[in-house]
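Every chain is numbered from 1, with letters handed out A, B, ... down the list of sequences. When reading the values below, keep in mind they use all heavy atoms of this one structure, side chains included, and skip hydrogens, waters and symmetry mates.
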2 protein chains.
Amino acid sequence: MKGYVQVYTGNGKGKTTASLGLAIRAAGAGLRVYIVQFLKKGDYSEIKALSKFENITVEQYGLGSFVRGNPSQEDKAAGALGYQKLCDLLKNNEHDLVIAEEGNVAVTCNLFSENELLALIDMKPDNVELVITGRGASKAVIDKADLVTEMKEIKHYYKQGVKARVGIEK
Amino acid sequence: MKGYVQVYTGNGKGKTTASLGLAIRAAGAGLRVYIVQFLKKGDYSEIKALSKFENITVEQYGLGSFVRGNPSQEDKAAGALGYQKLCDLLKNNEHDLVIAEEGNVAVTCNLFSENELLALIDMKPDNVELVITGRGASKAVIDKADLVTEMKEIKHYYKQGVKARVGIEK
């Protein structure tokens, strides 16, 4: 099966959630899935749920505190490891669906460069589906992708003061 | 936990996929999930994947052919059953997350009325999270929801001639 590059960006809720959905749909069809999560760390409910699937692997390359502005040395080191992992995954070509979770934010946060993200698209084997999520996808990434959805916030309940809830947001 | 009303609409890829992601995140946290799918019928890869979770139930109320224009009597009957199921689910209050998959499209296709969809929001118990997906959410539904994301198509590979693929779209 020929694989494409999908990007989920925008400021609305649903980007990570959609990539989770993609992962389990693929797993349901017997495809092999690898999720590299940047910036995040923690035993989210979705991590527990995904552990039911032998053909889904999730690896977190974050320090648990969302990076804003200039990343620390530790943030950078974790990001570099995640980036290297993505390179290895694409090179080894043992997975059908590779998800770079918060890949766009990793670029905005200077964990790696836009060119490095574009290089992942170039090194993608023809049969691999590559999914990149995170707000702030750059124009070059959008241009190079095959499918791009902008998750646009029309209304969000955090403005009513609703905090992230276990089982719904985390 | 207080529940809210989430709507995923727009013409881009990711609405059903995001609701799948919501379902498994909730299941990972031990919440009880019920998915009512309008218009669809078939053993999609996601149905296979969701069957791994005891606390997720999926029920399809479609005839398998996507309804456009005027629904047949059979389409209407299937839609009415699905709508009744949603009423029962909300009344019985035995699930934490109830998903009305393609609920907006069901209204556009005249399976039930906008007022009936709004009535579901009114009858939602305080502790239940209700998710409504499908393109073409009406203004009244958007006004009544707590969170609305528009999945906006920026680019889609079906325009390159890519057909729905097992494990990726179905």
Co-membership, hydrophobic cluster, residues A:Tyr8 and A:Leu130, 4.5 Å side-chain: no
Residue B:Tyr4 versus chain A: region with a heavy atom under 4.5 Å: both
Cluster overlap A:Val36 with A:Ile132, hydrophobic side-chain contacts below 4.5 Å: yes
Approximate separation, where rounding is to 0.5 Å, of A:Glu150 CD and B:Glu153 CD: 12.0 Å
B:Val128-B:Val58 co-clustered via ILVMFWY side chain contacts under 4.5 Å: no
Leading residue by heavy atom contact count with chain A [cutoff under 4.5 Å; candidates B:Asp146, B:Leu50, B:Val166, B:Asn11]: B:Asp146
Non-hydrogen atoms of B:Lys152 and A:Lys152 that approach each other most closely: CD-CD, 4.1 Å
Chain A contact via B:Ile168 - side chain, backbone, both or neither, heavy atoms under 4.5 Å: both
Heavy-atom side-chain proximity of A:Tyr157 to B:Gln6 below 4.5 angstrom: yes
Most contacts with chain B, counted as non-hydrogen pairs under 4.5 angstrom, among A:Arg25, A:Lys159, A:Gln160: A:Arg25
Contacting region of B:Ile47 [heavy-atom separation from chain A under 4.5 Å]: neither
same_hphob_cluster(B:Leu39, B:Tyr34) at 4.5 Å side-chain heavy-atom cutoff: yes
Chain A neighbours within residues 13-24 of chain B, where any heavy atom lies under 4.5 Å away: B:Lys13, B:Gly14, B:Thr16, B:Thr17, B:Ala18, B:Leu20, B:Gly21, B:Leu22, B:Ile24
Heavy-atom pairs under 4.5 Å with chain A, option from B:Leu147, B:Val5, B:Ile154 with the top count: B:Leu147
Part of B:Lys2 lying under 4.5 Å from any heavy atom of chain A: backbone
Residue-level contacts of residues 76-97 of chain B with chain A, using a heavy-atom cutoff under 4.5 Å: none
Proximity breakdown for B:Met1 and chain A, heavy-atom pairs closer than 4.5 Å: side chain
Atom pair NZ/NZ of A:Lys155 and B:Lys144 - distance to nearest 0.5 Å: 10.0 Å
Pairwise distance NZ(B:Lys52) to NZ(A:Lys52) - rounded to 0.5 angstrom: 8.0 Å
Top of A:Ser45, A:Gly30, A:Ala29 for chain B proximity - count of heavy-atom pairs under 4.5 angstrom: A:Ser45
Same apolar cluster (I L V M F W Y, side chains within < 4.5 Å links), A:Val141/A:Val131: no
Lys/Arg-Asp/Glu bridge criterion (N-O < 4.0 Å) met for A:Arg165, B:Glu129: yes
